[in-house]
Every structure is written in structure tokens, then in C-alpha cells.
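Encoded as C-alpha cells, the structure appears first; notes follow it.
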Amino acid sequence: MLDNMILKQAMKRSFTIPIEVTYADGKTERYGKGTPEVKVKFNQKIALKDLRKNASITLGEAYMDKAIEVEGSLQKLIASAYASADSFLNNKKFKRFLPHQSHDEAETKHDVQTHYDIGNDFYRLWLDPTMTYSCAYFEKPTDSLEQAQENKVHHIINKLNPQPGKTMLDIGCGWGTLILTAAQEYGLNVCGITLSQEQYEFVNKRIKELGLEHQAQVILTDYRELDHVPFDYITSVGMFEHVGQEDLGQYFRTVASLLKDDGTALIHGITRQQGGAYNGWINKYIFPGGYIPGLQENIQHILDAGMQLADIEMLRRHYQKTLEIWDANFKKVIPQVIAQKGERFARMWDLYLQACAASFESGNIDVIQFLMSKGPSAKNLPLTRNYVYAKELTVQN
């Protein structure tokens, strides 16, 4: 009885939009003014002790198991909860406590493979043809996802002001779109590294198909183990979220050690402007070992590694739009996902994509590009940002 009363109080205070909630005892309540925009149904009781232990895990698992069902936009519901100062996402009574997490190389490899080695066929169902699994860059609102992912790759490479014949390393190269574009269109000698066996095999195949063996290579290794002469340029997209809070400093020191003096690096990743955070449910089911660092935290690590910042760009709205398109694509193939992985897995991924979109929409998380150099800031870059956008306008025209 007490658990039910407290749950009802929590639901009453947790949202800024009008909602309708049907509880496990069959009673229905409406909260907020106006017609409910989202309907929530509890098919089972939620124990208060589980919410107190870790609200994100408890509610996430309940959704996966159909103990909770949502009619309407799950993204809108979660974004509303982030917007409410009194919600279970913000109220200190429900703040989770997670144990200390470390990331030795064996753990990091396991964490990455847990997420990325689900199977190329799974990601191919809902990603665009570039197989790019990171924030796109929408130069125009009408850009398709594929175009926006190509825009993102060019935007990153253009920021480096690359010169043909020079070398570039991509830490966490994914399915290789960035390094292959850098080799083909910018004349760079490129190296990509990954811990995913499936990505490694995919990129190797693409290198051979494109006849780039003399100009491109992919290595299956941990970034801390790369034995290579320094590079003129380094990129890393969606990588530092995986390394863990304790190893962020080492990550940026490694970037610095692999960069030539006066070399330029572009690091792109999810960052919280409010400070670093874990999410229990995402850590357990999606990104084991994941940690979203704070903006100030990243900047301090960059400076401590002996590098200087040349530019910072926030792309929060771009990632929100990317995730919304991914989720729309995902919904179209849910029957295939269920056939491959089961309904619980499909509900888990749908929740993940919508929850992340809501988190970006609310400003709870951001995605930021850090442009930095080893040595005086922007020593080998033009005086203004015009060089980046001039190249992009040339491509558009």
C-alpha cells in the first residue's frame, strides 16, 4: 500500500505534460491540465525499494518486460520528466549510487564487443547506407540521414584543414566511413583502430573493395596498445564515452602521445554540460562501462595532456534529430528485430533510442566537438572558421 501511494505521488510530480496513468490495482489517474498526451499503464506493481536502489534500471526493465506500457511518444514522456525538477530523474531521493568502475583493457574490449558485435546485420536494418553510428550533421533541415552522416564526416575532416599525403589516425573507427572518405577524397594516409571484430572485418573488406590497401589500414587493437609513429591528424568519434571516468585522463594523454608536435585532433563525443554522469540501465544493457564526462572535465584533461583548444562546437540538436530518425527506422523493422533477437531486446532498443533522444532534447546531455592541437592553439589552422564552411559550401554547390 505504501509503495503504491509513493509511486502515485512520484508520478503526479514527475511530468510537465498532461498524462494518464493506470496503476496495477486498475485505478486510472490523470495528471496535468488538458487532454493526456501520453498514457502509461502499470501491469505490475513497482517496488519502492527497487526504485530507490536504481530508478533507471527498475523502470527500464519494467518497460522491457511489459510491466509498464506506454501509449504515445516515449521520447516526449521522458523529456517531460527531465524538464520537471521534481521528477524521479531529478529528485535526490531517487538518485542512484553506482560503484567505482575501472576499465582495464580486457574489460574495455568486452564492453565494446558487447555493444558493437551484436551483428552488422542488426545495425544494417536501421542505420543509413554509410553504416555510421554516431551523431549526424544536418546542414539543411531537409537533409536525409545518409546525407547528414556524409556532412558530418566532411565537417570533421575539414576542421583539421588536412593536406594531401599526410597521416591520420581514427581512434574507434566504427565501420570506416570517416577513414575511407579521408583517403579517397582528401588524399590522406589513414589508419583506423577498433576493438570490434565485426567492424574490423567490415572495414578490411571495404578497403580491398575500394583498392585502398596502399593508403588505408585498420587494426584490431586497444588505443593504449597502438605502436605507431605520431600522426599529423587524429580523429575520434563517439569513443571517450566508453573509456570510463578513471581512464579519461589516459585517453587524452594517449591522443597527445600519438599526435605530432603542432598536429591537430578532432574529438567528438557525448558530454554533459552539467558534469559527468552514469546511467544504470544503459550501463547494464546497452553500453557496459559507459560514462558521460562533463564539459569541464574533458577540457581539463585536454589541457593536462599538453594540448590546447582551438574550437568547441555543440551539436545537441543534431543528435536529437539523428536519434529520432534512427528510432523511426527501427520501428519499421521491429518485426525483423523480434524475429532475430526477441521482443524484450526490441523493446530495450526502442527505449534506448527514444530515451537518448529525450535526453538530448531536454539538454540533459550534449554532443560536442573538441578541436585541439599539440602545441600552440590552431598554429597550423587558418585565422578564422571560414575555411571549414567555405569547403562545405563548395561541396554543396
Side-chain angles (χ1 to χ4, degrees), residues 130-137 139 147-194 199-200 202-221 223 226-240 254-269 307 310-311 313 369-375 377-382 385-396:
T130 69
M131 289 290 283
T132 304
Y133 183 38
S134 56
C135 175
Y137 181 65
E139 293 179 359
Q147 181 61 60
Q149 292 291 11
E150 292 174 357
N151 295 345
K152 187 266 300 294
V153 167
H154 288 289
H155 192 56
I156 287 172
I157 300 172
N158 287 339
K159 282 187 174 183
L160 299 170
N161 194 36
Q163 305 304 309
K166 292 199 171 184
T167 59
M168 188 188 88
L169 169 69
D170 189 26
I171 300 174
C173 65
W175 285 275
T177 301
L178 196 154
I179 62 169
L180 297 175
T181 301
Q184 281 186 297
E185 300 185 31
Y186 293 82
L188 297 177
N189 296 305
V190 299
C191 175
I193 62 172
T194 180
Q199 289 181 344
Y200 169 76
F202 183 94
V203 178
N204 249 333
K205 182 180 178 183
R206 291 291 293 142
I207 289 172
K208 292 173 183 176
E209 288 173 349
L210 295 170
L212 292 172
E213 295 94 331
H214 66 292
Q215 200 178 343
Q217 65 173 322
V218 60
I219 303 173
L220 186 68
T221 189
Y223 68 96
L226 186 63
D227 183 17
H228 209 288
V229 295
F231 294 83
D232 296 294
Y233 313 110
I234 293 178
T235 56
S236 188
V237 180
M239 170 66 191
F240 61 62
T254 302
V255 170
S257 71
L258 292 169
L259 193 62
K260 288 183 179 179
D261 291 343
D262 298 324
T264 308
L266 190 288
I267 309 300
H268 166 126
M307 296 183 288
D311 193 52
E313 183 176 13
Q369 291 185 347
F370 301 86
L371 183 64
M372 63 200 74
S373 59
K374 188 175 178 180
S377 64
K379 181 177 179 180
N380 292 325
L381 298 177
R385 292 174 173 170
N386 292 344
Y387 75 98
V388 177
Y389 303 109
K391 290 179 181 178
E392 291 173 0
L393 288 171
T394 299
V395 170
Q396 288 182 36

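Note that the numbering runs from 1 along the sequence shown for the chain. Atom set for the values below is all heavy atoms of this structure, side chains included, hydrogens, waters and symmetry mates excluded.
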d(Trp175 CH2, Met131 CE) to nearest 0.5 Å is 5.0 Å

Going from CG on Leu259 to OG1 on Thr254, what distance comes out if it is rounded to the nearest 0.5 angstrom?
-> 12.0 Å

Side-chain heavy-atom pair His154, Tyr186 within 4.5 angstrom cut-off = yes

Contacts of Lys379 that satisfy salt bridge (Lys or Arg N to Asp or Glu O under 4.0 Å) - sequence neighbours left out = Asp262

Do you know the tightest heavy-atom contact between Cys191 and Phe231?
-> CB-CE2, 4.0 Å

Ignoring hydrogens and angles, tell me if any N or O in the side chain of Lys374 forms a donor-acceptor pair with the backbone of Ala256 under 3.5 Å.
-> yes

Would you say Asn161 and Asn380 make side-chain contact, with heavy atoms under 4.5 Å?
-> no

Thr194 and Val203, any side-chain heavy atoms less than 4.5 Å apart | no

Is the closest side-chain heavy-atom distance between Gln147 and Asn151 below 4.5 Å?
-> yes

Chi angles and distances behind the side chain to side chain contact (heavy atoms under 4.5 Å, CB included) call for Leu212, Gln184 = CA-CA 8 Å; Leu212 292 172; Gln184 281 186 297; 3.8 Å; yes

With Leu169, which of Ile179, Val255, Leu258, Asp232 fulfils side chain to side chain contact (heavy atoms under 4.5 Å, CB included)?
-> Leu258

His155: what forms a ring pair (Phe, Tyr, Trp, His ring centres under 6.0 Å) with it, not counting sequence neighbours?
-> Tyr137

For residues Pro230 and Ser257, report the shortest heavy-atom separation together with the two atoms involved.
-> CG-O, 4.4 Å

Taking the side chain as C-beta and beyond, is there a heavy-atom pair between Tyr223 and Met239 under 4.5 Å?
-> yes

Within the distance-only criterion (no hydrogens, no angle test), does the side chain of Thr167 pair as donor or acceptor with the backbone N or O of Asn189 below 3.5 angstrom?
-> no

Passes side chain to side chain contact (heavy atoms under 4.5 Å, CB included), Ile171 versus Ile234? Steps please.
-> CA-CA 8 Å; Ile171 300 174; Ile234 293 178; 4.1 Å; yes

Just by distance, do the side chain of Thr132 and the backbone of Gln149 share a donor-acceptor pair under 3.5 Å?
-> no

Quick one: do Ile156 and Gln369 satisfy side chain to side chain contact (heavy atoms under 4.5 Å, CB included)? Show the steps, please.
-> CA-CA 8 Å; Ile156 287 172; Gln369 291 185 347; 3.5 Å; yes

Answer yes or no: is there a side-chain heavy-atom contact under 4.5 Å between Val218 and Cys173?
-> yes

CD of Gln215 to CD1 of Ile207: how many Å apart, nearest 0.5 Å?
-> 10.5 Å

Considering only heavy atoms from C-beta outward, does the side chain of Gln217 approach that of Asn204 to under 4.5 Å?
-> no

Would you say the side-chain atoms of Asn158 and Tyr389 include a donor-acceptor pair closer than 3.5 Å?
-> no

Validation row: Thr181, Ile157 side chains within 4.5 angstrom (heavy atoms) | yes

Are Lys152 and Leu178 close enough, and set up right, to give a side chain to side chain contact (heavy atoms under 4.5 Å, CB included), and what steps lead you there?
-> CA-CA 9 Å; Lys152 187 266 300 294; Leu178 196 154; 5.8 Å; no

Any chance you could measure Ile267, atom CD1, to Thr235, atom OG1, to the nearest 0.5 Å?
-> 7.5 Å

Euclidean distance, Ser236 OG relative to Leu266 CG, rounded to 0.5 Å | 9.5 Å

Looking only at non-hydrogen atoms, find the nearest pair between Leu381 and Leu160 and report the distance.
-> CD2-O, 3.7 Å

Can you measure from CZ (Arg385) to CG (Asp311) and round to the nearest 0.5 angstrom?
-> 4.0 Å

Could you name each residue pair satisfying salt bridge (charged side-chain N to carboxylate O under 4.0 Å, His left out) that touches residues 158-187, not counting sequence neighbours?
-> Lys159-Glu313

